[in-house]
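To start, the structure itself, in structure tokens.
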Amino acid sequence: MSVLEALRVPDGLSARVPAEERGAGRDDVRLMVSRGSAVTHHAFRELPGLLRAGDVLVVNTSATLPAAVNARLGGERLVVHFSTRADGARSGTASGGGLWAVELRSPDGAGSTLPRAGGPAGARIRLPGGGVLVPREPLVEGSPRLWWAAVSVDVPGLMARYGRPIRYGYTERDQPLSAYQTVFALPAPDGAGSAEMPSAARPFTEPLVAELVRRGVQFAPVTLHTGVASSEAHEPPYPERFEVPAATAWLLNAARAHRRAGGGGRIVAVGTTAVRALESATDPDGTVRPAAGWTDLVVTPARGVRVVEGLLTGLHEPAASHLLMLAAIAGREALARSYTEALGRLYLWHEFGDVHLILPDQDTH
């Protein structure tokens, strides 16, 4: 067992409410910065002083959806978590709202949910407003959690009318959808979005973004619509829809060229979702191409990263698959050192918690 796997996060370190309910605002969270084995501790609002002119922050513009909807299977009460809409030939086999990857959960009586196996295949699950959801088959053979299901109604409309943000048991109470949107979120014309918030960007505020721009930090948008990642199942991410626009590819290639010529310009992804999108559009030589579609990329230390040099991310459970990506960027030993520090200094975990900035260890300020 590795040092990371041996770490345990006490329940008391779960962030139960948003930062603005604990302090002065969204940027009132702590920021741990690691450069190799060196770890320092800051307030998130100090971020402009930790970056420099020419750095590029790659941000995910996916909006969070109210993806949790109540439902019934006979006399059984359920909560449906709508994860990802299929497209292409697979989606064309269903009528109405099309085919969706869904997670079926059982209400826990306190506003959150408990895990439940999906299915059964062919069951007619009643949705609010008269819609019907029919499970077809597991998304991955042998895994009972996520299923493909045919839906008889328009799902974005259903979510807009009856849905709420996905909430896990470590949170204290329901929050409005606005609490789960980042400052970078943009609505998609087709109603697509993320089942769970791209939470690394949550601490950013408009004044903080303006200050970063004033200091010469650039922003490069990408989109990756995140699916459901159950808090109990530390599974690799499933295929997700993404887009890297041509303007973003151009900006990042220009930043890399400037850096090779001796200038600044580190490429720092805001969140593991931004890494997944960006690395899915990057050639082996580090050239970024405009791209859109589905990605099943899992970034591991063996695969490494090709263009991302730094990462701003939340704190992940020691068993989470996201740590493979973090280890690919920071290195296993450095990551274990920083997580040990985070536990010792009582950093807060999960989407409303504190954040971690990983920078190249050869860079100094």
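Bear in mind the structure is a predicted one, so any value in this text is a computation, not a measurement.
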- Contact list for residues 199-209, test side-chain hydrogen bond (donor to acceptor under 3.5 Å, both in side chains), sequence neighbours left out: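 Matches after skipping sequence neighbours: Glu20-Arg202.
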Measuring from atom [atom1] of [X] to atom [atom2] of [Y], what distance do you get when rounded to the nearest 0.5 angstrom?
| X | Y | atom1 | atom2 | value |
| --- | --- | --- | --- | --- |
| Leu13 | Arg8 | CG | CZ | 14.0 Å |
| Glu279 | Ile329 | CD | CD1 | 7.5 Å |
| Trp294 | Ser280 | CH2 | OG | 13.0 Å |
| Arg289 | Thr248 | CZ | OG1 | 15.5 Å |
| Ser34 | His41 | OG | NE2 | 9.5 Å |
| Thr171 | Ile166 | OG1 | CD1 | 11.5 Å |

Exercise: identify the closest heavy-atom pair between [X] and [Y]:
| X | Y | answer |
| --- | --- | --- |
| Ala123 | Pro135 | O-CD, 3.2 Å |
| Leu312 | Phe204 | CD2-CE1, 3.6 Å |
| Gly227 | Glu240 | N-OE2, 3.0 Å |
| Arg136 | Ala150 | NH2-CB, 3.7 Å |
| Ala220 | Val56 | CB-CG1, 3.8 Å |
| Ser106 | Glu76 | OG-OE2, 4.3 Å |

Is a side-chain donor or acceptor of [X] paired with a backbone partner of [Y] at a separation under 3.5 angstrom?
| X | Y | result |
| --- | --- | --- |
| Thr273 | Pro198 | no |
| Arg105 | Thr113 | yes |
| Asn253 | Ala249 | yes |
| Gln181 | Thr64 | yes |
| Asp55 | Arg266 | yes |
| Thr282 | Leu278 | yes |
| Glu46 | Ala43 | yes |
| Tyr339 | His316 | yes |
| Arg256 | Gly286 | yes |
| Ser152 | Val132 | yes |

Close side-chain approach of [X] and [Y], heavy atoms under 4.5 Å:
| X | Y | result |
| --- | --- | --- |
| Leu31 | Asp354 | no |
| Arg345 | Met32 | no |
| Arg85 | Pro156 | yes |
| Arg77 | Asn70 | no |
| Arg164 | Leu177 | no |
| Leu139 | Trp148 | yes |
| Val58 | Val270 | no |
| Phe82 | Leu65 | no |

- Query: Can you list the steps and then say if Phe352 with Tyr170 is a ring-ring contact (aromatic ring centres under 6.0 Å, His included)?
  - Reply: CA-CA 11 Å; Phe352 296 141; Tyr170 51 76; 8.4 Å; no
Does a donor on one side chain sit under 3.5 Å from an acceptor on the other, for [X] and [Y]?
| X | Y | answer |
| --- | --- | --- |
| Thr313 | His356 | no |
| Thr61 | Thr223 | yes |
| Thr287 | Asp285 | yes |
| His81 | Glu196 | no |
| Ser62 | Ser194 | yes |

[X] with [Y]: basic N within carboxylate O range, under 4.0 Å:
| X | Y | answer |
| --- | --- | --- |
| Arg337 | Glu333 | no |
| Arg276 | Asp296 | no |
| Arg145 | Glu103 | yes |
| Arg22 | Asp28 | no |
| Arg45 | Glu211 | no |
| Arg306 | Asp283 | no |

- Message: Both conditions, 6.0 Å and 45 degrees, for the charged tip of Arg30 above the ring of Tyr347: are they met here?
- Response: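 Judged by the rule, Arg30 and Tyr347 form a cation-pi pair.
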- Task: Please say whether more than 12 non-hydrogen atoms of neighbouring residues, nucleotides or ligands are located less than 6.0 Å from CG in Asp190.
- Result: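 For Asp190, atom CG is crowded (more than 12 foreign heavy atoms under 6.0 Å).
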Within one Ile-Leu-Val-Met-Phe-Trp-Tyr cluster: [X] and [Y], side-chain cutoff 4.5 Å:
| X | Y | answer |
| --- | --- | --- |
| Val79 | Leu133 | no |
| Val134 | Leu146 | no |
| Val33 | Leu212 | yes |
| Leu51 | Val183 | yes |

- Task: For Leu326 and Thr272, run side chain to side chain contact (heavy atoms under 4.5 Å, CB included): C-alpha distance rounded to whole Å, both residues' side-chain angles, the deciding distance at 0.1 Å, then the answer.
- Result: CA-CA 8 Å; Leu326 271 61; Thr272 58; 4.0 Å; yes
- Task: Please work out which of the three classes, parallel, tilted or perpendicular, describes the rings of Phe219 and Phe184, given edges at 30° and 60°.
- Result: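 Tilted.
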- Message: Suppose the criterion is ring pair (Phe, Tyr, Trp, His ring centres under 6.0 Å): which pairs have a residue in residues 241-274, not counting sequence neighbours?
- Response: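 Ring pair (Phe, Tyr, Trp, His ring centres under 6.0 Å) check on residues 241-274 returns no pairs.
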- Query: Pick from Arg26, Arg173, Arg16: which one makes a salt bridge (Lys or Arg N to Asp or Glu O under 4.0 Å) with Glu21?
  - Reply: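 Only one option passes, and that is Arg173.
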- List the steps and the verdict of side chain to side chain contact (heavy atoms under 4.5 Å, CB included) for Leu224 and Thr295. CA-CA 9 Å; Leu224 187 134; Thr295 178; 3.9 Å; yes
- With Asp108 via salt bridge (Lys or Arg N to Asp or Glu O under 4.0 Å) - residues at least two apart: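 Checked Asp108 against salt bridge (Lys or Arg N to Asp or Glu O under 4.0 Å); zero matches.
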